[in-house]
Structures are given as structure tokens and as C-alpha cells.
2 protein chains.
Amino acid sequence: MNSYDILISHDIKPSVQRLAILEYLYAYPTHPTADEIYNALSPSIPTLSKTTVYNTLKLFTLNKVAQAITIDEHTEHFDGDTSVHAHFLCKKCGKIYDATIKGETIPGEDKFKDEGHIINEAYLYYKGICKDCQK
Amino acid sequence: MNSYDILISHDIKPSVQRLAILEYLYAYPTHPTADEIYNALSPSIPTLSKTTVYNTLKLFTLNKVAQAITIDEHTEHFDGDTSVHAHFLCKKCGKIYDATIKGETIPGEDKFKDEGHIINEAYLYYKGICKDCQK
DNA sequence: GTGCTTGCAAATCGTTTGCAATAGC
DNA sequence: GCTATTGCAAACGATTTGCAAGCAC
């Protein structure tokens, strides 16, 4: 399914800006920030404003086209993969790595459900020093 | 062990402000923000400044006396319990609930370790609607 | 032409920084 | 007295808001 149809299927009206941002998220699954996306797309869409990038990412997040990663305390990162998966942040280089969760249960989930809470989102964050930064 | 000894054992020089903040974290394990702590302690310590609260919480976090909870995208919350445990944020009332993890493995951890990354911190966040807000 | 989208500029707000005053051994 | 801590005011920076202009059906 292409970006255009993905937006349609999530009830989002496609536009040049929205398509470009979504395609960027798929092309560069490095969990970019709003700023990084803006800087990357700005040359090809000179009239693009940062406000639009923020608006679009918020829209994507609300409509489950992307998810916001708040592993970094200073900036929000975005991920075009909306599945529940673990993220590892290297505190030295700032890079974020992924790990899929294949059918594993996440600790605490059952306890919260048993208590009567409704869970809509789950996030798993690890922090440390990545392989490359240990050299 | 009292607050004074806890600071000593973590190589932090006790002071009126530091003791008050640590005791607040223990007395009110509701994951307060720097602002909430400042507002709560300000009446009893009129000269207290918000800078000191921020400085102290950062010091506590670095020395593992407290942990920073970044589940809320707008503000940092703090927890006097430094063990790895799950947090649930109610998107309606903003309350944060705890769940302990008793010996359970956290998905993704092994994969990151296998890849050669060194994990120092782990966070588990859930978001949804809490029991009270469903009524 | 109506309603949604865009984008500039200004505002917001949690947090950090510079630096002088203060406190504690 | 020397060093670490405190706290005010100003700076900072990511994100949001107000609003006017533009676009699409």
C-alpha cells in the first residue's frame, strides 16, 4: 500500500506536505524529530513551515499513522511503525534502535488491566551505550 | 533508613532543601513534577527557588536516588522508587499508577544485549483511561 | 464559495544557564 | 577562608497558538 492510500485509509486527506512527511518516515526509519523532518524536506518543499510539520505529526499520531517516541527528554521522535516495539536510546550518540516484540507479554500490563484501567498504548524504552559507542 | 542517611550513602551532601525534596518524594509517591514539588515545599521553605528543585532532582537522578519518568510528553515526573517498574498514565486525569515487575523479563532486552548494546535503564509506560475516569 | 490546510510571527512554558549571594565545614 | 549550594533573573528551545492567506472540491 502506498502513502496516498495509507492516508486515505486513516481518514486523512492527502496533501503534498502530508505525503512527503509520511514518505520520509518510511524512507528514514531512524525516528526523526520534527526538526529533522523539516530540515530534510525544506529543500524540496521550500514553502514548508515547521508548524505544518508539527501539525501533521500530531495528526498522524492521533490517527495511528505514526507514533510519538518520548524516550529522549528534550525532543519528541517519530516512528512510522505504529506497532508496539521496544526502543533503545544510546546516551552517547543519541541513536535510537528498535526491537520487535513477537507475542511476548509486557510486564505490568495484566496488573493494570486487573485494576480496571483501559490500556491504549504501550511503550518500552531502554537507555545505555550502543555497540558502536563502546569502541 | 532515613532520608539523611540515604543521601549520605549516595554521596550527596544533605541540605535542608535536598532533605525536604527527598522526603516529599517518599511522602507523596504520586510522581510529582518539579513544579508540584516547588509549590508544595515553598510555604515551609519560603526562600526555596525552582532552580534548586531542578538542580536537586537532576542530582538525585544522576545518583540513583530518584528516577525521572518521561511518560508525559510535556513535563518530567519524578519517582523516589528507583527500581524498574511499569507506569500507567491516565490521559484524562493525568494520574500515574505503578505496577511492580517481579522477576519478569522485559521484551526486547535480550535482543538489545545480543546486539552488543549496554543497557543501563529500562522504562515501561502504558497510557489509557484509568478506572476512576471511566465512570 | 465553503471548509480545510498551510505557514508566518508571536506566545508559551518547562527547563537551563550565568552569576552573585550565602551557608557550612 | 574555601568550596559547594542556593536562588534570582535572564536565556533557551521545543512546541503551540492566533490568524490571515491559499488551496481543493
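Proteins come first, then strands; the chains are lettered A, B, ... in the order of their sequence lines, and each starts at number 1.
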According to a strict under-4.0 Å criterion, is B:T47 in side-chain N/O contact with OP1 or OP2 of D:dG7? yes

According to a strict under-4.0 Å criterion, is B:T52 in side-chain N/O contact with OP1 or OP2 of D:dG7? yes

Check this one for me: any side-chain N or O of A:Q17 less than 4.0 Å away from OP1 or OP2 of C:dG7? yes

Separation of C:dT15 atom P from A:H74 atom NE2, nearest Å, is 10 Å

Can you tell me how far the CG atom of B:D81 sits from the CD atom of B:Q67, to the nearest 0.5 Å? 6.5 Å

Among D:dT15, C:dT17, C:dT6, find the nucleotide with the atom closest to the side chain of B:N55. C:dT17

Take the protein atom CG of B:L57 and the nucleotide atom P of C:dG14, then report the distance between them rounded to whole Å. 15 Å

For B:K13 and for B:L48, locate the closest nucleotide of DNA chain D by heavy-atom distance; then report the residue assigned to the nucleotide nearer the 5' terminus. B:K13

Between A:Y28 (side chain only) and A:I37 (backbone N and O only), is there a donor and an acceptor less than 3.5 Å apart? no

Tell me: CD of B:E73 to C1' of D:dT15, nearest whole Å? 11 Å

Phosphate OP1/OP2 of D:dT6 contacted by B:S15 side-chain N/O (<4.0 Å): yes

Could you tell me the separation between the CZ atom of A:F78 and the P atom of D:dA14, rounded to a whole number of Å? 13 Å

Counting only side-chain heavy atoms from C-beta out, which of C:dG14, D:dG7, C:dG7 sits nearest to B:Y54? C:dG14

If hydrophobic clusters are built from ILVMFWY residues whose side chains come within less than 4.5 Å, do B:Y54 and B:L48 share one? no

Joint cluster assignment, B:L62 & B:L22, ILVMFWY side-chain distance < 4.5 Å: no

Is the side chain of A:S49 donor-acceptor paired with the backbone N or O of A:T51 at a distance under 3.5 Å, no angle test? yes

Does OP1 or OP2 of C:dT16 have a side-chain N or O of B:K58 closer than 4.0 Å? yes

May I have the distance from B:K50 (atom NZ) to C:dG18 (atom C1'), rounded to whole angstrom? 19 Å

To the nearest angstrom, how far is B:R18 atom CZ from D:dT6 atom C1'? 9 Å

Under 4.0 angstrom between B:T51 side-chain N/O and C:dT16 OP1 or OP2: no

Just the rounded figure in Å: distance from C1' of D:dA24 to CD1 of A:I8. 13 Å

Between the base of C:dC8 and the side chain of A:S49, is there a donor-acceptor distance below 3.5 Å? no

Just the rounded figure in Å: distance from P of D:dT15 to CD1 of A:I69. 14 Å

